[in-house]
Undergrad: 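The structure is given below, and queries will be raised subsequently.
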Amino acid sequence: MILLAIDTSGSGCYAAIHDSARDVTLGMAGEDIGRGHAERLMDFVDQALANAGIEMGAVERIAVTVGPGSFTGIRVGVAAARGLSLALGVPSVGISTLAAIAAGYRQSHPGNPVFVAVDAKRGEAYCQAFSADGAPRGEASVLSLDDAKAAALAAGGAIVGSAAVLLGSGDEGGANDAVAIEMVARLGALADPRADRPKPLYLRGPDAKPQAGFAIARA
């Protein structure tokens, strides 16, 4: 299956063309642009297609990061994925940034459970635990740093993401929230289009207070 992966969840804007049958990324494009995702995304998609040497019509599925992350960036990516899905008549799937970060860590540390903690500012962290085989253990949530630390200790395994130091994990997990576009593609190939339709994953409630156990919304 030829898959187009898109990530606009952070300051970067990336696109990749992936062949899931061979588990090979055929071409990618993008850079850390800070702002202007709406203006640059389709240029990066076209560049990724050109680098892969294929036409847009060959794409059979679209995967896009749905958050947590940049509110504006997520909206841009999800809207683009939905539009391309309709235009091409192919399914699209949403991939959480927490799952992509966990998968990236597990690639170099196979067999380890992972607790992803991303700095959400305001004394909070976006969190989710994953088992050694990559399966999520509970829903993603936004927690106070104290609650996140307790959840991480209960989950066990490595703590990764930009809030790792805030939770007292030292250098174990590092402080990198970068989402590898290849991981978005690989997870997208495994996702179920019926259950994982792209919808922004906003974990904060309307009053912007910690929402422990706040569930991932499904379309």
Side-chain angles (χ1 to χ4, degrees), residues 5-10 12 63-75 77-78 81 92-107 112-167 169 173-181 183-184 186-188 190-219:
I6 293 171
D7 175 39
T8 56
S9 62
V64 61
T65 49
V66 295
S70 163
F71 179 82
T72 301
I74 292 167
R75 288 194 303 170
V78 169
S92 58
V93 294
I95 305 299
S96 88
T97 54
L98 303 179
I101 292 170
Y105 181 84
R106 290 181 59 255
Q107 185 178 37
N112 288 345
V114 182
F115 185 88
V116 182
V118 172
D119 188 2
K121 310 301 181 184
R122 308 179 191 178
E124 300 170 2
Y126 299 124
C127 303
Q128 190 169 19
F130 296 84
S131 64
D133 64 1
R137 297 166 59 188
E139 300 284 0
S141 59
V142 58
L143 302 173
S144 69
L145 293 180
D146 286 342
D147 287 344
K149 184 175 182 178
L153 291 174
I159 304 174
V160 305
S162 58
V165 173
L166 299 176
L167 303 188
S169 71
N176 190 0
D177 289 339
V179 174
I181 191 66
M183 289 300 164
V184 178
R186 287 172 177 164
L187 293 176
L190 298 173
D192 182 353
R194 296 168 297 179
D196 299 311
R197 289 175 290 173
K199 183 174 183 179
L201 172 53
Y202 302 135
L203 295 180
R204 278 196 171 105
D207 57 359
K209 294 179 180 179
Q211 302 289 316
F214 197 95
I216 296 178
R218 295 287 187 196

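What you see is a predicted model; the values in this text were computed from it and never measured.
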Undergrad: Any sub-3.5 Å donor-acceptor pair from Ser162's side-chain atoms to Val118's backbone N or O?
TA: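 No; zero donor-acceptor contacts below 3.5 Å.
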
Undergrad: Scan side-chain atoms only and decide if Ser131 and Asp133 contain a donor-acceptor pair under the 3.5 Å cut-off.
TA: yes

Undergrad: One pair to check against side-chain contact (heavy atoms from CB on, under 4.5 Å): Ile6 and Val184. What are the steps and the verdict?
TA: CA-CA 8 Å; Ile6 293 171; Val184 178; over 6 Å; no

Undergrad: With sequence neighbours left out, write down each residue that passes side-chain hydrogen bond (donor to acceptor under 3.5 Å, both in side chains) with Thr72, or none if nothing qualifies.
TA: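 Residues passing side-chain hydrogen bond (donor to acceptor under 3.5 Å, both in side chains) with Thr72: none at all.
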
Undergrad: Evaluate Ile101 against Val179 for side-chain contact (heavy atoms from CB on, under 4.5 Å), listing each step before the verdict.
TA: CA-CA 6 Å; Ile101 292 170; Val179 174; 4.2 Å; yes

Undergrad: Under the side-chain hydrogen bond (donor to acceptor under 3.5 Å, both in side chains) test, which residues partner Ser9, sequence neighbours left out?
TA: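 With neighbours one apart ignored, the set is Asp7.
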
Undergrad: Apply side-chain contact (heavy atoms from CB on, under 4.5 Å) to the pair Tyr126 and Thr97, showing each step before the final yes or no.
TA: CA-CA 10 Å; Tyr126 299 124; Thr97 54; over 6 Å; no

Undergrad: If every non-hydrogen atom of Ser96 is compared with every non-hydrogen atom of Gln128, which pair is closest and at what distance?
TA: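 Here Ser96 and Gln128 meet closest at OG-OE1, 4.3 Å.
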
Undergrad: Looking at Pro113 and Arg137, what are the two nearest heavy atoms and their distance?
TA: CB-NH1, 4.3 Å

Undergrad: So, for Ala191 and Ile95, which heavy atoms are closest and what is the spacing to 0.1 Å?
TA: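 In terms of heavy atoms, the two residues are closest at CB-CD1, 4.3 Å.
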
Undergrad: Charged N to carboxylate O under 4.0 angstrom, Lys121 versus Asp119?
TA: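 Yes.
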
Undergrad: When you measure from the side chain of Arg197 to the backbone N and O of Ser92, does any donor-acceptor pair fall under 3.5 Å?
TA: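 Looks like no, no N/O pair under 3.5 Å.
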
Undergrad: Listed by chain and number, what are the salt bridge (Lys or Arg N to Asp or Glu O under 4.0 Å) partners of Asp192, not counting sequence neighbours?
TA: Arg194

Undergrad: Given the rule in the side-chain contact (heavy atoms from CB on, under 4.5 Å) test, do Tyr105 and Met183 qualify, once you have shown the distances and angles that lead to the verdict?
TA: CA-CA 10 Å; Tyr105 181 84; Met183 289 300 164; over 6 Å; no

Undergrad: What's the shortest heavy-atom distance between Ala99 and Phe130, and which atoms?
TA: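 Nearest pair, atom of Ala99 first, then Phe130: CA-CZ, 3.5 Å.
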
Undergrad: Got a donor-acceptor contact below 3.5 angstrom from the Thr8 side chain to the Gly73 backbone?
TA: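 Answer holds: yes.
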
Undergrad: Nearest 0.5 angstrom please: Leu203 CG to Leu98 CG, how far?
TA: 7.0 Å

Undergrad: Out of curiosity, Thr65 OG1 to Ile181 CD1, how far, rounded to the nearest 0.5 Å?
TA: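 CD1 of Ile181 is found 7.0 Å from OG1 of Thr65.
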
Undergrad: For residues Ile159 and Ala152, report the shortest heavy-atom separation together with the two atoms involved.
TA: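 Taking Ile159 first and Ala152 second, the nearest heavy atoms are CD1-CB, 3.7 Å.
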
Undergrad: Give me the atom names and distance for the closest heavy-atom approach of Ala148 to Leu167.
TA: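 In terms of heavy atoms, the two residues are closest at CB-CD2, 3.9 Å.
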
